[in-house]
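Here is the structure we will look at.
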Amino acid sequence: MIYTNKKEGEKNMFSYQKVHELNRLELIVYKYIIGHTREVQDMTIREMANAAHVSTTTILRFLKKMDYSGFSEFKFALK
């Protein structure tokens with residue numbers, strides 16, 4: 001099962017099971033990405049960290065849990 005707000009038929013980025021394994025700060029990152037997908041596409045990791053009120057390390061930890069090797073791979077998948 002997939003847990004995103006994307007339309008049916010589009011490739012989904014986050015599995016339902018993995019989202020349920022996130023800690024409080026990682027969940028903030030997830031919710032920020034889901035709520036601001038278009039803006040995140042053009043942000044640096046520092047801009048996103050400031051906007052979501054978390055550290056860049058928290059974003060990288062979140063991405064690792066979602067099976068991305070880093071921010072660049074995530075942004076490529078997002079676009």
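Numbering of residues begins at 1 and proceeds along the displayed sequence. Here the structure is a predicted model, which is why all the values come from computation and not from measurement.
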Original post:
Who are the side-chain contact (heavy atoms from CB on, under 4.5 Å) partners of Gln41, not counting sequence neighbours?
Top reply: Thr37, Leu78, Lys79

Subject >> Ile28: side-chain contact (heavy atoms from CB on, under 4.5 Å) partners, not counting sequence neighbours >> reply: Arg24, Leu25, Val54

Check side-chain hydrogen bond (donor to acceptor under 3.5 Å, both in side chains) between [X] and all other residues, then give those that pass, not counting sequence neighbours.
| X | answer |
| --- | --- |
| Ser55 | Thr58 |
| Ser72 | none |
| Lys75 | none |

Subject >> Check against side-chain contact (heavy atoms from CB on, under 4.5 Å), Ile59 and Phe74 >> reply: CA-CA 11 Å; Ile59 293 173; Phe74 164 71; over 6 Å; no

**OP:** Measure the shortest side-chain to side-chain distance between Phe14 and Phe62 over non-hydrogen atoms and say whether it is less than 4.5 angstrom.
**Re:** yes

**OP:** Decide yes or no on salt bridge (Lys or Arg N to Asp or Glu O under 4.0 Å) for Arg61 and Glu26, but give the supporting numbers first.
**Re:** CA-CA 8 Å; Arg61 190 172 45 247; Glu26 294 161 350; 3.1 Å; yes

Original post:
Do you know the tightest heavy-atom contact between Asn23 and Lys65?
Top reply: N-NZ, 4.3 Å

Subject >> Worked verdict on Thr56 versus Met48 for side-chain contact (heavy atoms from CB on, under 4.5 Å) >> reply: CA-CA 8 Å; Thr56 56; Met48 185 175 150; over 6 Å; no

Original post:
What pairs of residues pass the salt bridge (charged side-chain N to carboxylate O under 4.0 Å, His left out) test when at least one of them lies in residues 27-53, not counting sequence neighbours?
Top reply: none

Original post:
What pairs meet the ring pair (Phe, Tyr, Trp, His ring centres under 6.0 Å) rule with one or both residues in residues 40-60, with sequence neighbours excluded?
Top reply: none

**OP:** Determine the interplanar angle of the His36 and Tyr32 rings, folded into 0 to 90°, and report it as parallel if under 30°, tilted if 30 to 60°, perpendicular if over 60°.
**Re:** parallel

**OP:** Before giving the answer on side-chain contact (heavy atoms from CB on, under 4.5 Å), spell out for Leu60 and Ile45 the whole-Å C-alpha distance, their side-chain angles and the decisive distance to 0.1 Å.
**Re:** CA-CA 9 Å; Leu60 292 173; Ile45 191 169; 3.6 Å; yes

